[in-house]
Number of protein chains: 2
Amino acid sequence: MSRSHTDVSDQVGDLSEAFEKEACPLAEVLDHVAGKWSIAVLVAAARGPVRFTELERTIEGISRRMLTVTLRRLERDGLLVRTVYPTVPPKVEYTLTDMARRLHGTLLALTEWAQRHRGDIAAARARYDAANAR
Amino acid sequence: MSRSHTDVSDQVGDLSEAFEKEACPLAEVLDHVAGKWSIAVLVAAARGPVRFTELERTIEGISRRMLTVTLRRLERDGLLVRTVYPTVPPKVEYTLTDMARRLHGTLLALTEWAQRHRGDIAAARARYDAANAR
DNA sequence: CTGGATCCGAGACGATACTG
DNA sequence: CAGTATCGTCTCGGATCCAG
């Protein structure tokens, strides 16, 4: 967002190079951040500190295990901060880091796009499958 | 991008609801579109019609098989158009659909973010692992 | 309440060999 | 050139049970 988006081809060139780097860390990072559950968790956690069970109910479809795994990975990558309150019963809150907050707008755009084109995608898929069947 | 992003909380509410829908198609769509290789292919194909081998060289790290699978999935979802020229040797070109082009800016922002924070993420990861080791 | 531990099936992924 | 087919490996992800 720091650069003007008037000419896109330059950036595409840069990105191609970035993807070319051996060990492809760019693709790896994207895989973590843009994963199915990661996006859901990141978006849900953007409203402020969220608790484990709160996330579990909000995301609906995620299993306990995958929520745990996703949270650990995001914490490891420095996108979430995990705060434990040593009370009874225990209470744990997850908060986005600044780095993650800088990503929030993009994630929002991504989910918005997905919502808007959900129907088109389903239609395209049906068309493709029909053409493949005969 | 169409709406102003001054007040984010409203959209977060919408998205939470979207994620709650049973069968969670939103997460599924995102999983296809935002997958590790999908992003790479989509970004690479944004420069215009691209050929199979061109993609294979550009992305570097992707296997023949995964490139094929990714291309098929993106075509099935209506994000890519596959054009076959019945020449010898055969020539196949992949082009983004309008729907995919509308996603391009977001994908660019995503990869830009990943590039910018690649170091931070590696550092956070090292810190986390060090804390976990002892 | 917030997880960890384990098992297990399904799909992701890579390597290799073959084809129109 | 642009794939397909097959195989073996690895990870994802759900189910279940256990624990601080």
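Small disclaimer: the values here were computed from a predicted structure and weren't measured. Chain letters run A, B, ... following the sequence lines, proteins first, then strands; residues in each count from 1.
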Which value, rounded to the nearest 0.5 Å, describes the distance between Leu71(B) atom CG and Arg76(B) atom CZ? 14.5 Å

Closest approach of Val33(A) to Leu42(A) (non-hydrogen atoms, all atoms of both residues):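 Looks like O-CD2, 4.2 Å.
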
Which pair of heavy atoms, one from Ile39(A) and one from Ala34(B), lies closest together, and at what distance? CD1-CB, 4.4 Å

Length of the [atom1]-[atom2] vector between [X] and [N], whole Å:
| X | N | atom1 | atom2 | result |
| --- | --- | --- | --- | --- |
| Tyr85(B) | dA2(D) | OH | P | 12 Å |
| Glu54(A) | dG3(C) | CD | C1' | 17 Å |
| Glu93(A) | dC1(C) | CD | C1' | 13 Å |

For a salt bridge (Lys or Arg N to Asp or Glu O under 4.0 Å) check, start with the C-alpha distance between Arg47(B) and Glu54(B), then their side-chain angles and the critical distance, and finish with the verdict. CA-CA 12 Å; Arg47(B) 325 180 297 199; Glu54(B) 208 175 336; 3.1 Å; yes

Its contact letters, B for base, S for sugar-phosphate only and - for none at protein heavy atoms under 4.0 Å, make nucleotides 4-20 of chain D read B-B-----SBBB----B

Taking side chain as C-beta onward, heavy atoms only, is Phe52(B) less than 4.5 Å from Leu67(B)? yes

